Enquirer: 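Dropping a structure here in structure tokens format, bear with me for questions.
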Protein chains: 2
Amino acid sequence: MPPSPHLAIVKDDTSGPLADVVFDRVLDAIYQGRLALGSVVNEAALAQEFGVSRGPVREAVRRLQGIQLITREPYMKARVITLSAESAIELFQMRMALEGMACKLAALRMTNDEVDTLLAELAQDRERRIDGAQDRPAFDFHERIVRACGNARIINALCGDLYHLLRIYRRHSGSVLERKDDAYGEHWQIIRAIRARDAELAESLMRSHIERAAQHLFTHLPQLAPLTAGDRAI
Amino acid sequence: MPPSPHLAIVKDDTSGPLADVVFDRVLDAIYQGRLALGSVVNEAALAQEFGVSRGPVREAVRRLQGIQLITREPYMKARVITLSAESAIELFQMRMALEGMACKLAALRMTNDEVDTLLAELAQDRERRIDGAQDRPAFDFHERIVRACGNARIINALCGDLYHLLRIYRRHSGSVLERKDDAYGEHWQIIRAIRARDAELAESLMRSHIERAAQHLFTHLPQLAPLTAGDRAI
DNA sequence: TGGGGTTTGACTGTCGACACTGTGAGCGTT
DNA sequence: AACGCTCACAGTGTCGACAGTCAAACCCCA
């Protein structure tokens with residue numbers, strides 16, 4: 001008898017290894033707050049909840065630990081990370097470095113057609129949001145740029161690791177910092193720079209854009225904002 | 001009876017979990033070429049070789065896979081990565097992004113004493129190499145800079161992941177590309193920029209330094225150099 | 001002798017059980 | 001009452017075994 005039938009994983013899942021399914025489930029649980037930030041993660045409990053053995057759960061937890069969504073405290077207790085100003089600063093610093101480089105590479109590698117398509121989607125997404133019908137597609141400008149950079153290592157580091165943490169920060173701070181209207185203009189400028197094949201400008205714009213996003217986040221999250229003057233120099 | 005007594009892991013190891021020990025062992029095996037690049041990795045065989053069960057080996061292999069030293073081919077075969085020009089380009093692009101940012105941050109955060117210490121160690125390492133006594137300390141300028149940047153996430157990405165791959169590239173290309181004599185001057189300039197608190201210059205110098213190292217690598221590794229004009233724009 | 005189906009082998013995914021370690025509560029001593 | 005010690009509990013580390021799957025070799029038949 002699975003204790004939580006709505007959570008149990010059915011065997012005939014065609015989603016490949018159980019560890020991957022458990023990984024996604026735990027990730028969702030963190031996103032949705034079912035696994036509270038800072039709470040301890042119990043392998044055996046999760047295994048029973050999902051109706052699987054501890055092996056896949058263990059592997060999933062280690063992978064979460066690998067991308068630093070779960071920390072390993074002394075004495076072998078696994079905990080979900082806690083949001084902190086320091087961690088957020090580090091996240092945005094790394095985004096500035098990697099997304100800046102990705103943007104620079106995208107400016108060198110994207111075809112004109114790809115740039116035009118992206119520009120059209122950007123405008124389309126804006127109109128959709130103005131109409132209020134912001135349903136399905138969830139256009140993500142940054143992810144699109146990153147995936148266009150052609151560097152699999154950077155793509156993986158950002159989309160596979162950092163963006164998970166970023167989504168957690170976004171979810172746990174309300175939609176206040178969506179800032180999509182402000183961001184549209186900056187996104188448009190970035191694509192213009194890419195279109196003009198000005199790689200240096202594109203990188204610089206992307207960095208400034210992310211830095212503004214970081215400052216916006218800290219402005220609207222006072223509980224996360226023990227920022228000193230030195231740290232402000234992201 | 002352990003088939004390879006000199007490789008078996010003794011139980012009373014004080015190095016913590018077996019998975020960590022196996023991880024280091026496999027890493028060394030890749031470094032030293034005992035595990036050839038491109039060869040398939042067999043969990044059971046490694047387990048028998050180390051005298052442990054498949055569990056820790058499995059975990060170690062997955063961690064190697066996480067830092068992209070082992071690739072997962074279709075049909076679940078795990079292989080050690082193969083060196084390629086594309087992979088090397090991606091590695092150096094990521095280093096330029098991350099080490100550039102790390103250098104910038106180090107310029108903002110290091111104390112004068114720390115900078116002076118680093119400068120002294122740099123000079124000391126040079127003299128030691130001139131004397132030919134390049135034995136113990138293995139002074140690593142880049143790692144020192146990175147660890148001084150204060151961003152744990154960047155430190156982990158570089159020292160925990162990327163540098164493993166970089167060492168493999170270095171080892172599998174002879175000492176030709178050591179380039180330490182050429183590098184000394186550039187390292188010195190970078191520290192000077194940090195000392196002057198010119199963060200932008202320090203980042204720019206570090207990027208240029210890494211790009212030169214990349215070009216040096218491709219110059220001396222013709223078998224890895226199907227570089228097109230476009231790709232040269234790292 | 002060549003093509004197609006079948007068998008065999010190897011390997012990974014998964015599981016349940018045991019062992020070891022740190023923690024906290026409870027008890028006795030001072 | 002405070003401190004130190006002991007013991008049960010909780011949780012992870014590790015192990016051996018079973019099951020499913022893909023690949024390659026093998027055999028049969030035309």
Side-chain angles (χ1 to χ4, degrees), chain A residues 1-4 7-26 29 35-36 38-66 68-81, chain B residues 1-4 7-26 29 35-36 38-66 68-81:
Chain A
M1 175 194 92
S4 307
L7 291 178
I9 296 175
V10 287
K11 274 248 173 181
D12 57 347
D13 244 356
T14 58
S15 316
L18 273 183
D20 295 355
V21 185
V22 174
F23 180 87
D24 291 336
R25 292 288 191 102
V26 175
L35 266 180
S39 63
V40 295
V41 178
N42 187 327
E43 288 180 7
L46 283 178
Q48 196 177 1
E49 186 174 320
F50 291 142
V52 298
S53 139
R54 267 184 51 214
V57 175
R58 177 183 178 82
E59 187 172 325
V61 170
R62 299 306 273 246
R63 275 169 59 186
L64 268 320
Q65 182 188 347
Q68 306 194 44
L69 255 53
I70 284 181
T71 62
R72 213 72 176 178
E73 291 196 340
Y75 307 116
M76 309 153 190
K77 266 188 194 172
R79 285 183 171 268
V80 183
I81 54 152
Chain B
M1 177 195 89
S4 308
L7 291 178
I9 297 175
V10 287
K11 275 248 173 181
D12 57 346
D13 243 355
T14 58
S15 315
L18 273 183
D20 295 354
V21 185
V22 174
F23 180 87
D24 292 336
R25 292 288 192 102
V26 176
L35 265 178
S39 64
V40 295
V41 178
N42 187 326
E43 288 180 6
L46 284 178
Q48 196 177 1
E49 185 174 320
F50 292 142
V52 299
S53 133
R54 267 185 50 212
V57 175
R58 178 183 178 80
E59 187 172 325
V61 171
R62 300 307 272 245
R63 275 170 59 186
L64 268 319
Q65 183 186 348
Q68 305 196 46
L69 255 54
I70 283 181
T71 63
R72 212 70 174 178
E73 291 196 340
Y75 309 118
M76 307 148 190
K77 265 189 194 170
R79 305 196 98 120
V80 183
I81 54 153

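Side chains included, hydrogens not; waters and symmetry mates left out as well; all remaining heavy atoms used. We name chains A, B, ... by the order of the sequence lines, and we start the count at 1 in each one. None of the values given here were measured: they were computed from a predicted structure.
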Enquirer: Once rounded to the nearest 0.5 Å, what's the spacing between atom CD1 of Ile70(A) and atom CG of Leu35(A)?
Expert: 7.5 Å
Enquirer: Asp20(A) and Arg63(A): side chain to side chain contact (heavy atoms under 4.5 Å, CB included), yes or no, with the steps?
Expert: CA-CA 10 Å; Asp20(A) 295 355; Arg63(A) 275 169 59 186; 2.7 Å; yes
Enquirer: Please encode protein proximity along nucleotides 7-13 of chain D as a string of B, S and -, counting only heavy-atom distances under 4.0 Å.
Expert: ----SBB
Enquirer: What are the two closest non-hydrogen atoms of Gln68(B) and Ile81(B), and how far apart are they?
Expert: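 Looking at all heavy atoms of both residues, the shortest contact is O-CG2, 3.3 Å.
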Enquirer: Please state how far atom CD in Gln48(B) lies from atom P in dG16(D), giving the value in whole angstrom units.
Expert: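 Result: 11 Å.
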Enquirer: Under the criterion side-chain contact (heavy atoms from CB on, under 4.5 Å), which of Asn42(B), Val26(B), Val52(B) is the partner of Val57(B)?
Expert: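 Among Asn42(B), Val26(B), Val52(B), the one that satisfies the side-chain contact (heavy atoms from CB on, under 4.5 Å) with Val57(B) is Val52(B).
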Enquirer: Could you walk me through whether Val41(A) and Leu46(A) pass the side chain to side chain contact (heavy atoms under 4.5 Å, CB included) check?
Expert: CA-CA 8 Å; Val41(A) 178; Leu46(A) 283 178; 3.6 Å; yes
